[in-house]
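All residue numbers refer to positions in the sequence shown, counting from 1. This structure is a prediction, so every number in the text was calculated from the model and none was measured.
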Amino acid sequence: MAPVLSAGGYGLTAFGILLFFSPVCHQDPARLFWIFGGPVAVCARCLGIYLGAAVGAWIPAPRRVLLAGLALFAALNLADVLTEAAAWHGNWKLTRLILGALLGLAAGSLVANSMKRDVFSASVTVR
């Protein structure tokens with residue numbers, strides 16, 4: 001929303017959003033998507049993680065599958081980080097977005113399904 005708000009004349013609000021996300025994301029301009037001439041508040045990978053987690057929260061799946069997916073997608077993200085650091089490839093924002101979305105999908109679904117199970121078991125035991 002930061003670029004949209006900035007383009008709409010709400011620069012201070014856009015700056016507040018960027019400031020809010022600065023502790024959790026490096027916000028390297030080369031790794032950000034730019035919309036309407038302004039940067040998105042988080043890098044491509046973080047954006048993917050957030051979007052994936054939002055979608056994943058609505059997807060039920062067995063815990064074992066989600067844990068395996070979480071491990072696989074975390075390993076793929078790490079491999080992407082290491083291969084770029086080794087200069088095997090360049091700045092692939094779309095790859096970062098997709099890998100982040102897969103990681104967020106597994107994590108969001110795992111957290112949401114764990115919360116649903118805890119709420120259900122708590123409501124069953126209360127009399």
Got [X] and [Y] here, is their nearest side-chain heavy-atom distance under 4.5 Å?
X: W34; Y: P29; result: yes
X: L51; Y: V55; result: no
X: K116; Y: P60; result: no

- Query: Are the aromatic rings of F20 and F15 close, with centres under 6.0 Å apart?
  - Reply: no
Nearest heavy-atom neighbours spanning [X] and [Y]:
X: C43; Y: C25; value: N-SG, 3.1 Å
X: F73; Y: A106; value: CD1-CB, 4.1 Å
X: V42; Y: L47; value: CG2-N, 3.6 Å
X: Q27; Y: L18; value: NE2-O, 2.9 Å
X: C46; Y: V24; value: SG-O, 4.2 Å

- Message: Please determine whether side-chain contact (heavy atoms from CB on, under 4.5 Å) holds for the pair L70 and L103, giving the CA-CA distance in whole Å, both sets of side-chain angles, and the decisive distance to 0.1 Å.
- Response: CA-CA 6 Å; L70 186 66; L103 180 62; 3.7 Å; yes
- Quick one: hydrophobic cluster around L82, which other residues, with the 4.5 Å side-chain cut-off, linked directly or via members?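 Via sub-4.5 Å side-chain contacts, L82 links to L78.
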- Item | Side chain N113, main chain S109, donor-acceptor under 3.5 Å |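 Yes; at least one donor-acceptor contact below 3.5 Å.
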- Does the T83 side chain pair with the main chain of A79, one donor and one acceptor, at a distance under 3.5 Å?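 Indeed, once roles are kept as given, a pair shorter than 3.5 Å links the two residues.
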Report yes or no: do [X] and [Y] belong to one cluster of Ile/Leu/Val/Met/Phe/Trp/Tyr joined by side chain heavy-atom distances under 4.5 Å?
X: F33; Y: F21; value: yes
X: L110; Y: L72; value: yes
X: I49; Y: L94; value: yes

- Under the salt bridge (Lys or Arg N to Asp or Glu O under 4.0 Å) rule, what pairs show up with a residue in residues 88-100, not counting sequence neighbours?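 Sorted pair list: E84-R96.
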- Please name the residue in the list I98, L99, L97, N91 that meets the side-chain contact (heavy atoms from CB on, under 4.5 Å) test with T95. L99
- Do R45 and N77 meet the criterion of a side-chain donor-acceptor pair at a distance under 3.5 Å? yes
- Taking everything shown except F36 itself, do over 12 heavy atoms lie less than 6.0 Å from its CZ? no
